Amino acid sequence: MVKLAELQKFLVDKAIIFPTAEMYGSFAGFFDYGPLGVEIKRAVKQEWWNRFVSRREVVGMDGCIITHPKVWEASGHIQAFQDPLVECKKCKMRFRADQLVETKLKMNVEGLVLKDLGRIMREHDIDCQKCGGELIDPRYFNLMFSTEVGAVQGNTAYLRPETAQVMFVDFPRIFKSSRGKLPFGIAQIGRSFRNEISPRNFVFRGREFEQMEIEYFFNKNSKPTETLPKMEVTVWTRSAQEKKEPHKKTKISELLKLTSEWHVYWIAHSMKFLVDLGLRLENLRLRQHTKDELSHYAKDTWDIDYNYPFGWKEMVGISNRADFDLKQHSKFSGNDLSVLDGDERVYPFVMEPSFGVDRLVMALLIDAWHRDDERQTLKLNPKIAPVQVAVFPLVNKESMPEKSMEVFNQLSNEFRAFYDDKGSIGRRYRRQDSIGTPFCITIDGQTLEDDTITLRHRDSMNQERVKIGKLSQKLSESF
Ligand code: GAP
């Protein structure tokens, strides 16, 4: 199992992902992506967009980060988007009360009211983790970042804590101007902000992060017509959690006995996307939310958990938001957001697959990172490798650099290509293995005679000779 501290060191050393403003001692919960990291992240987002937006009845949008304050009143975030906070009376350090109890007592306190959380903490003498000082009773802390808009003081607005709400408030305009027919989805990729009390586990719980979300609007009496992908998956149902039973393997179609057809449809397609992207099925689990932990807007929620080095944790949340949001915005704005579905006027129900980009990139890196005495390899799916093909002249003479440049220029039109002429060929291969480059091409003496190159495969380390004219087609077959 990968150790988080070791992976983190690797990612920081290679400037793939690292804490922001390191020279000022960093800034908890905020991370930057360097040249390789940004390519991986961009490729992951592109794959998601290609899968869910470009080829379906789903359209994209790009909404504002600072959103009208009324949006968050209507959505319930001002009242309910909060975590229980405790503060040390001595050193003033702040902690999330539920996380303290869960870590110390290994008990699930999801959904407990403040009074009960406080009682448990007192009964078990839970003190400050930093200095051992006494903690004040838990109180709620709203996670939204606020700011002031314009020159007038008191004009408070919020940085969005989810991309979702912008899609609800823009629904009428986009629906009318696009398909105008249910089912219909709006998708968005963008930054969200949460003033997490205890950011932790590297980018897993950040204060600024990216989400890829779809709001999928449908008539609650309709059903998907597409057949489900066939998969066997690990599932932890609500009832198994309540009975303290372990998760178990089941066919994805079995979920139809537990939740609605549209929900299973989005769960199955989200799982399939993750596996196609390169995640190992055995590291994925579906977990249904217990009644106590359901968000205020959700009728039912299923998380796709990933088996991170610090345990099974949510990577994707798939919620049935019913007609909660459209009705709330109708009420608060005075605009009726119901639509015609044939002859029937309805408030569409909404299914929401919500992917955290940073949690997904982290999981992909964990699954891909392999080390042995010989080498360190990032076995990323070629589609998301930051460099897809590296081109080397065997030596820096005899026209090999010129020929290599020619091949590099040709390939860089189609692939993320990299040119390297420094160090021994073995070292160049190792460098590319460690950053996940699936293919390396070496131009040698024979190239100058017969126009063939050596193509070296990252995972098998096999080498083969390929005609330069056939290279592009050969590589494309692997993507
Ligand atoms: N619109 C629904 C929503 O935002 P959520 O479960 O709060 O639901 C969805 O968040 C996804 O966003 C999570 O599954 C996770 O991947 C990501 N996410 C949430 N909070 C995060 C944080 N503090 N840092 C990184 N990713 C986060």
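As the structure lists them, so they are numbered: ligands from 1, and atoms in each ligand from 1. We're numbering straight along the sequence, starting at 1. None of the values given here were measured: they were computed from a predicted structure.
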Task: Subset of ligand 1 atoms that lie under 4.0 Å from at least one heavy atom of Gly317 - done: 14 (O)
TODO: Work out whether the distance between some heavy atom of Thr301 and some atom of ligand 1 is less than 4.0 Å.
DONE: no
Task: Pair Phe204 + Phe202: ring centers closer than 6.0 Å - done: no
- [ ] Check whether the ring centres of Phe273 and His269 lie less than 6.0 Å apart, and answer yes or no.
- [x] no
Open item on the list: Please compare Glu162, Arg194, Glu215 and report which has the shortest non-hydrogen distance to atom 19 (C) of ligand 1.
Closed with: Arg194
Task: Option set Gln211, Arg207, Glu210, criterion heavy-atom distance to atom 10 (O) of ligand 1, minimum - done: Gln211
- [ ] Looking only at distances, please establish whether an N/O atom of ligand 1 is found under 3.5 Å from an N/O atom of Phe209.
- [x] no
- [ ] Report yes or no: does a heavy atom of Tyr306 sit under 4.0 Å from some atom of ligand 1?
- [x] no
Open item on the list: When you measure from the heavy atoms of Asp358 to every atom of ligand 1, does any distance fall below 4.0 Å?
Closed with: no
- [ ] Check whether any N or O atom of Gly206, backbone or side chain, sits under 3.5 Å from an N or O atom of ligand 1, and answer yes or no.
- [x] yes
Open item on the list: Only heavy atoms of Met315, strictly under 4.0 Å: list the atoms of ligand 1 that pass.
Closed with: 14 (O), 15 (C), 16 (O)
Open item on the list: Taking 4.0 angstrom as the limit and counting only heavy atoms of Ala164, give me the atoms of ligand 1 inside it, by number and element.
Closed with: 1 (N)
Open item on the list: Which heavy atom of Arg359 sits nearest to which heavy atom of Arg205, and what is that distance?
Closed with: NH2-NH1, 3.9 Å
